[in-house]
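Convention: sequence-line order gives letters A, B, ...; per-chain numbering from 1. These figures come from a predicted structure and were not determined experimentally. Just so you know, these numbers use all the heavy atoms, side chains as well, and skip hydrogens, waters and symmetry mates.
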Amino acid sequence: MSRPDDDYRWPHKHLLGLEDLTPADLRHILRTARGLEDVSTRSVKKVPALRGKVVVNLFFEDSTRTRASFHLAASRLSADVLEFSAKGSSVAKGETLRDTARNIEAMGIDAIVVRHQQSGAPHQLARSVQCSVINAGDGQHEHPTQGLLDIYTVARRLGRDDFDLTGITVAIVGDIAHSRVARSNVHGLRKLGAGVVLVGPTTLLPRGFADMGCELSHDLDEVLPRVDVVNMLRVQFERLQSQAFPSVREYSRFFGLTVKRMEKAKREVIVMHPGPINRGIEVESAVADGPNSAVLAQVANGLAVRMAALYLTTGVNAGVNTGGNA
Amino acid sequence: MATTVIRNGRVIDPLNEIDTVTDIVLANSKVQRIGKVSDPDAQGEHVTVIDASGCLVTPGLIDIHVHLREPGEEDKETIATGAAAAVNGGFTSVCCMPNTKPALDDEGRIEMVYRQAARANLANVYPVGAVTRGRAGKELAEIGLMSEAGAVAFSDDGVAVASSAVCAKAMAYIAMTGKVFMQHCEDPELGGGVMNAGTLATRLGLSGWPRVAEELIIQRDILLNISGGAKCRYHVQHISSGGSVEMVRRARHDLFGQAHVTAEASPHHLLLTEESCATYDTNFKMNPPLRNRRDIEAILEAIRDGVITVLATDHAPHTQEEKELEFAAAPFGIIGLESALPLYARALVESGVIDWPHMIGMMTIHSAKLVNLDKTKGHLTVGADADVTIIDPNENWTLDAHAFASKSRNCPFHGWQVTGRALATVVGGDVKMCRDEGRIREPQMNADERR
């Protein structure tokens, strides 16, 4: 493998969001993931990189996929994994986030993988503990490993082995306002040179995203023919209550990715979805399971990306510089 | 009778347009005279002498907007600790908001505040009564009885009186008492977010509290007050938006003088912007939220030209545990009594927006007028209450929240280098706080008394 950034050293003890990373950081973590990808295809699916280290999955919000993916990623690096679920708000328990984190850290933890329903909770956590903190999704803020695995999937599919996405245009469709996946994708894609079009009802499309360098649209049919990737976000049914859109039927008509609508897209367009899919609402089954779909590749790539995140951040934590490619 | 002579200070009394280096004599808890005193000891028996040279001597500072948390949240603050924080920061009188648990919404609770303040015997504490029962925005509280019991103003602070019908009724009713209606201007449906709405909130994934939620309530209330014809005195609490400032300006100048609108500023809305929220530090979570530079400029302009007449603190103590919660879950607000004076000096005097006499006026006579205390407070007229603040305008010091008398420590200005500090606070002729014992000479007993 070529090493264009030989002098580069990964500097981040925490992975809190893609907004904090430079293009060089992004390429480095993606290249590291590329190096770790084949661990999953060996007969012995394990490397000793984190042997003797302890990773805790601290999840304040329900999750099956991300949690399992982080668990497996840590296991493949030979770390011990502790699963920890914390329910409800910390106010109700009489214990603050900081208390919880410090109690867990007292067990001798090297990295906390945290998911929380409140934006910014991982940042507050990182300020109160000594170990690495990896954000596995915080409120409506960021989901950096999802962003990384989406970008990784696009780059691999398009043969961009240098992870330079100049000239690529990505559409992200759906509830942009409340999506941490959208935010991480926007930051990562923009830094690597891709164009981003955000598509959704105006009630779910804050104008602030234009300041982040995105094009905003509420016309999927107009956008579809000119994009290389279409990333469909999951419809959050609780948004119905806030009347962000009038009905699922209407949403699906305007923003659902159907077989018929796919006729307008480029023939080789990549269809992605962070899962779990509401089949027939944001994506029709025939599209989700069709030749353009990269949904299962996303899941597989998630593992490699999370291994890279754990490996790089804990390396900084231990004071050992492990900046080179894996 | 106890007499206090404050010597050689720059006496600033905006009401009486006094700004001169002279002496002031306090006797029998009242201002006895202003003017050079050749022999302080001849002014009475048991004379206390304070050397105020190099300092400002002003009417006692009055803060019309504090939260003292008693009853119900005494782990955050009590009337006694809040009063201690007040005198430590140079305030001789404070008006406490009724968002306690339970709310100050009947005459018994109004009396309770006076009783606890008398026990603490530090600063004067004046209760603000709730507009509606339980601050729930539905039925009027016993405004008349509370007024008789000594409520100096009415507010549901923390939330707006949101219903237009209830608000119109409240304004008409409060007008009968001659007291002021202080509104927390936030439309509950458009507001309710945790920081200023905009690109930063979008980036951070935090819910936004847009300017329009404040502006709508102000505009609505101005219209209600005019259309009702009740001439209720209407006061905008903690103004945060440049648009709001324009509405207040127009109402004060154009609406046939019938709007009866005043507005207050708070230190944090002059010195901090929404950018401070970027690290999710909950000490920057305020209600209304920190906004942008252009809002600050508009508020400063309105202070300069007299559209905003009062400077308050919105002193809002919270425990460390609560402020350690996630940004969205943590409570709003910061403590302010012990930092407001130097912070206002920085925002307004050091920056050249206004001078000391203008700033002192906004913290004394204008505050007193708002809450109908100006007969005896907010100025140094002979016969006025002997509430005096002595300020060293040149003291350089570091704000240290851990050294505050308040029970709480939620102060985003902790560690700031500031200039200007209350040197001594005199309430009713008694020296409640003096930072430099070398400047004070206690009464000397004569030979007869020694025996």
Side-chain angles (χ1 to χ4, degrees), chain A residues 16-20 60-61 88-102 114 116-128 135 137-143 176-184 186-187 198 204-214 216 242-243, chain B residues 73 75-76 101 187-213 273-286 289-292 294 318-332 408-410 412 414:
Chain A
L16 302 176
L18 299 193
E19 187 175 8
D20 313 323
F60 290 87
E61 190 181 69
S89 86
S90 45
V91 197
K93 281 197 310 182
E95 185 183 62
T96 65
L97 176 66
R98 189 164 171 264
D99 287 332
T100 308
R102 289 168 68 107
V114 62
H116 201 289
Q117 55 273 66
Q118 303 285 11
S119 302
H123 298 68
Q124 292 170 293
L125 198 63
R127 281 200 288 269
S128 47
N135 181 0
D138 64 322
Q140 300 161 6
H141 177 230
E142 281 224 42
H143 191 353
I176 307 299
H178 302 93
S179 174
R180 54 196 177 207
V181 175
R183 282 170 181 73
S184 288
V186 165
H187 293 306
L198 302 175
L204 293 173
L205 203 50
R207 281 173 300 167
F209 277 98
D211 299 335
M212 297 183 227
C214 300
L216 308 186
S242 62
Q243 282 282 299
Chain B
E73 292 178 302
D75 53 335
K76 299 183 180 194
K101 293 174 180 172
D187 181 283
E189 290 178 330
L190 290 174
V194 301
M195 69 171 288
N196 184 40
T199 300
L200 184 62
T202 299
R203 256 174 56 205
L204 294 172
L206 293 173
S207 54
W209 181 151
R211 293 176 183 83
V212 67
T273 65
E274 64 169 357
E275 287 298 324
S276 312
C277 300
T279 59
Y280 299 97
D281 183 337
T282 58
N283 271 337
F284 296 95
K285 183 180 173 185
M286 322 278 184
L290 300 173
R291 302 205 188 269
N292 290 330
R294 68 172 197 279
H318 291 293
T319 62
Q320 190 170 341
E321 302 89 87
E322 283 178 299
K323 278 291 190 182
E324 276 176 9
L325 295 174
E326 302 80 6
F327 198 89
F332 294 100
S408 289
R409 301 284 172 259
N410 50 314
H414 174 75

Of all the heavy-atom pairs spanning A:S119 and B:G205, show the shortest one and how long it is. OG-O, 2.5 Å
State whether the side chain of A:Q118 and the backbone N or O of B:F327 hold a donor-acceptor pair below 3.5 Å, judged by distance alone. no
Counting only heavy atoms closer than 4.5 Å, note whether A:E142 contacts chain B via side chain, backbone, both or neither. neither
How many angstroms lie between atom CD of B:E326 and atom CG of A:D138, to the nearest 0.5 angstrom? 11.0 Å
Rounded to the nearest 0.5 Å, what separates atom CZ in B:R203 from atom CD in A:Q140? 16.0 Å
Scored by heavy-atom pairs under 4.5 Å with chain B, the best of A:M212, A:R180, A:H187, A:R207 is A:M212
Is any side-chain heavy atom of A:R183 closer than 4.5 Å to one of B:T202? yes
Taking the six-membered ring for Trp and the full ring for Phe, Tyr or His, determine whether the centres of A:H141 and B:Y280 are under 6.0 Å apart. yes
Heavy-atom nearest pair, B:L325 first then A:Q124, reads O-NE2, 3.0 Å
For B:T279, is it the side chain, the backbone, both or neither that has a heavy atom under 4.5 Å from a heavy atom of chain A? both
